[in-house]
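Okay, structure first, notes after.
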Number of protein chains: 2
Amino acid sequence: MFVKPTRDRRAERREATRAEIVDAAWELVRAEGLAALSVRDLARKVGLQAPSLYSYFASKNAIYDALFAQGAAQYLEDVEAQLTPTGDPLQDLRAGMHAFVRFCTDDPVRYQLLFQRTIPGFEPSPESFAISIAGLESVQRRIAGLGITEPGDLDLLTALGTGLTDQQISNDPGGDRWIRLVDSAMEMYFTHVTHRKSRP
Amino acid sequence: MFVKPTRDRRAERREATRAEIVDAAWELVRAEGLAALSVRDLARKVGLQAPSLYSYFASKNAIYDALFAQGAAQYLEDVEAQLTPTGDPLQDLRAGMHAFVRFCTDDPVRYQLLFQRTIPGFEPSPESFAISIAGLESVQRRIAGLGITEPGDLDLLTALGTGLTDQQISNDPGGDRWIRLVDSAMEMYFTHVTHRKSRP
DNA sequence: GTCTATATTTGGATAGAC
DNA sequence: GTCTATCCAAATATAGAC
């Protein structure tokens with residue numbers, strides 16, 4: 001009689017191969033650009049023929065989606081990892097923004113995939129998108145803990161984050177021309193959101 | 001004996017056709033996305049066969065470059081058009097930022113071409129790039145006239161501009177969620193750059 | 001200057017044998 | 001699951017006739 005094994009070695013192997021493909025895809029897009037990903041090149045990189053990839057991913061966009069999901073999970077992890085308020089809100093804001101800009105500049109292609117909409121036919125699946133939403137909600141909770149609860153204040157903070165990051169990546173890649181402004185920008189922001197005269 | 005005519009009708013016709021091609025290219029990229037531009041489609045749109053386009057532009061990137069140059073010229077014109085200081089620096093900053101965000105959100109594809117680096121093999125030619133530099137320098141002179149001369153202050157302003165624009169385009173296209181923050185953001189910025197305690 | 005014809009490359013995706 | 005073989009579509013760009 002058939003006994004269901006506790007481990008499904010076949011499924012494990014399959015997942016391992018999928019992970020290998022995703023890793024190789026990151027290498028490719030980092031080297032050639034996000035839009036330059038091709039199924040052929042990717043297959044060769046993992047020692048397969050192109051059609052064999054379709055046993056693991058239904059389409060090229062499914063591969064993009066796997067990259068998006070993994071990047072969003074890394075972002076969520078990155079945000080959650082620094083949830084340690086010090087009692088000094090400004091210091092926490094500075095640390096959080098530094099972490100964000102570093103996360104983005106560490107891997108500009110990942111930033112492009114997660115926070116810009118630049119790939120022609122690709123939209124993340126609802127499941128993958130939910131992960132990135134969770135990341136934003138984590139930021140929201142984090143700054144709420146610092147006393148910043150106005151929706152517009154969160155929006156202003158995300159604008160500052162993407163603006164500093166965008167300029168850094170586009171106009172001074174590898175440098176620190178906008179990274180140097182993070183502390184000052186957070187001071188500006190913190191003063192603004194705390195010295196508000198009236199609730200709008 | 002040959003007398004050089006005062007007008008070169010042939011050259012005029014040629015320039016007119018080039019302009020027609022550029023106009024059609026804008027229509028195409030606005031409809032299909034920047035990366036989706038194809039020489040075939042473009043040729044068909046102006047009633048030519050694909051190879052005939054090569055009589056006007058040496059390559060596809062030359063077409064991108066013409067778009068870039070035109071967009072940069074429009075930006076320069078947009079910035080120069082509002083060089084009318086009112087004596088109220090904060091009001092001028094607000095007006096200038098509103099104009100910038102409107103310029104970008106009016107044509108997100110143009111914004112993508114000018115201010116983000118997203119097309120795989122394309123880099124603007126030195127001549128085209130010089131136009132966009134002239135635009136930035138115009139902004140620099142403009143805020144210098146308002147008393148803002150620290151280099152880092154210009155960088156912070158451009159970060160605010162691209163950040164607000166990026167978020168508006170990416171997360172609320174057609175809406176005003178980040179546009180609504182422009183006035184408040186400029187107040188924040190102006191207070192920051194004027195209330196500095198010491199010259200850093 | 002414009003055309004037809006074509007070279008050349010490259011891409012995503014499928015069929016069917018093994 | 002992986003392969004070979006192939007389809008199909010699309011792209012940039014060139015050659016050469018008219």
Side-chain angles (χ1 to χ4, degrees), chain A residues 5 7-25 27-29 31-68 113 118-125, chain B residues 5 7-25 27-29 31-68 113 118-125:
Chain A
R7 282 174 58 194
D8 187 339
R9 303 191 81 91
R10 197 169 311 182
E12 283 176 13
R13 180 83 195 100
R14 183 182 166 80
E15 278 312 302
T17 303
R18 276 181 64 102
E20 196 182 341
I21 292 169
V22 168
D23 289 347
E27 284 186 49
L28 269 182
V29 295
E32 308 289 336
L34 204 51
L37 179 65
S38 90
V39 177
R40 276 168 143 80
D41 291 348
L42 180 55
R44 292 189 57 139
K45 199 170 177 73
V46 295
L48 290 175
Q49 293 298 319
S52 303
L53 273 198
Y54 289 86
S55 300
Y56 297 96
F57 293 96
S59 68
K60 185 182 174 179
N61 274 349
I63 297 170
Y64 277 129
D65 196 57
L67 295 178
F68 185 96
L113 178 63
T118 176
I119 311 180
F122 170 66
E123 293 243 337
S125 63
Chain B
R7 280 176 58 193
D8 186 339
R9 302 190 82 91
R10 197 171 310 181
E12 282 175 13
R13 180 83 194 100
R14 183 182 166 81
E15 278 312 302
T17 302
R18 276 180 63 101
E20 196 183 339
I21 292 168
V22 168
D23 289 347
E27 284 186 50
L28 267 181
V29 295
E32 308 289 337
L34 204 50
L37 179 65
S38 89
V39 178
R40 275 168 143 80
D41 291 349
L42 180 55
R44 292 188 54 144
K45 201 170 175 73
V46 295
L48 290 176
Q49 293 298 317
S52 302
L53 273 199
Y54 289 87
S55 300
Y56 297 96
F57 293 96
S59 68
K60 184 182 173 179
N61 273 350
I63 297 169
Y64 277 129
D65 196 58
L67 296 178
F68 185 96
L113 178 63
T118 177
I119 311 179
F122 170 67
E123 292 243 338
S125 65

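Proteins get letters first, then strands, A, B, ... in listed order; numbering begins at 1 in each. What you are looking at is a predicted structure, and each value in this text was computed from that prediction instead of being measured.
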Heteroatom pairs (N/O) under 3.5 angstrom, protein to nucleotides 8-11 of chain D:
residue, atom, partner, partner atom, Å
dA11(D), N7, R40(B), NH1, 3.2

Revision key, fill the gap. Heavy atoms of L42(B) and A25(B) approach each other most closely as CD1-N, 3.5 Å
**Study point:** Y56(B), nearest nucleotide to its side chain (from dA13(C), dG1(C), dT2(D))
**Key:** dG1(C)
Review point. Looking across every strand, which nucleic acid part, if any, lies under 4.0 Å from R14(A) by heavy atom: base, sugar-phosphate, or nothing?
Key: sugar-phosphate
Practice item. For dC3(D), take OP1 and OP2 only and decide whether either is under 4.0 Å from a side-chain N or O of S52(A). Key: yes
Exercise for review: Mind listing the closest non-hydrogen atom pair of V46(A) and A24(A) along with its distance?
Suggested key: CG1-CB, 3.6 Å
Practice item. Mind jotting down which residue pairs meet the side-chain hydrogen bond (donor to acceptor under 3.5 Å, both in side chains) criterion with at least one end in residues 49-67 of chain A? Sequence neighbours excluded, please. Key: D65(A)-S125(A), D65(A)-S128(A)
Revision key, fill the gap. Rounded to whole Å, the CZ-P distance (R44(B) to dC3(C)) equals 12 Å
Review point. Listed by chain and number, what are the side chain to side chain donor-acceptor pair (under 3.5 Å) partners of D23(B), not counting sequence neighbours?
Key: none
Practice item. For residues F57(B) and A62(B), report the shortest heavy-atom separation together with the two atoms involved. Key: CD2-O, 4.0 Å
Point to revise | Pairs satisfying salt bridge (Lys or Arg N to Asp or Glu O under 4.0 Å), at least one member in residues 44-57 of chain A, at least two apart | key: E27(A)-K45(A)
Exercise for review: Check the distance between dT2(D)'s P and F57(A)'s CZ and give it to me in whole angstrom.
Suggested key: 13 Å
Review point. What pairs with R13(A) under side-chain contact (heavy atoms from CB on, under 4.5 Å), at least two apart in sequence or on another chain?
Key: A16(A), T17(A)
I'd like a list of close polar pairs between nucleotides 14-16 of chain D and the protein, N/O only, cut-off under 3.5 Å.
none

Practice item. Could you list the residues that satisfy side-chain contact (heavy atoms from CB on, under 4.5 Å) with A35(A), not counting sequence neighbours? Key: none
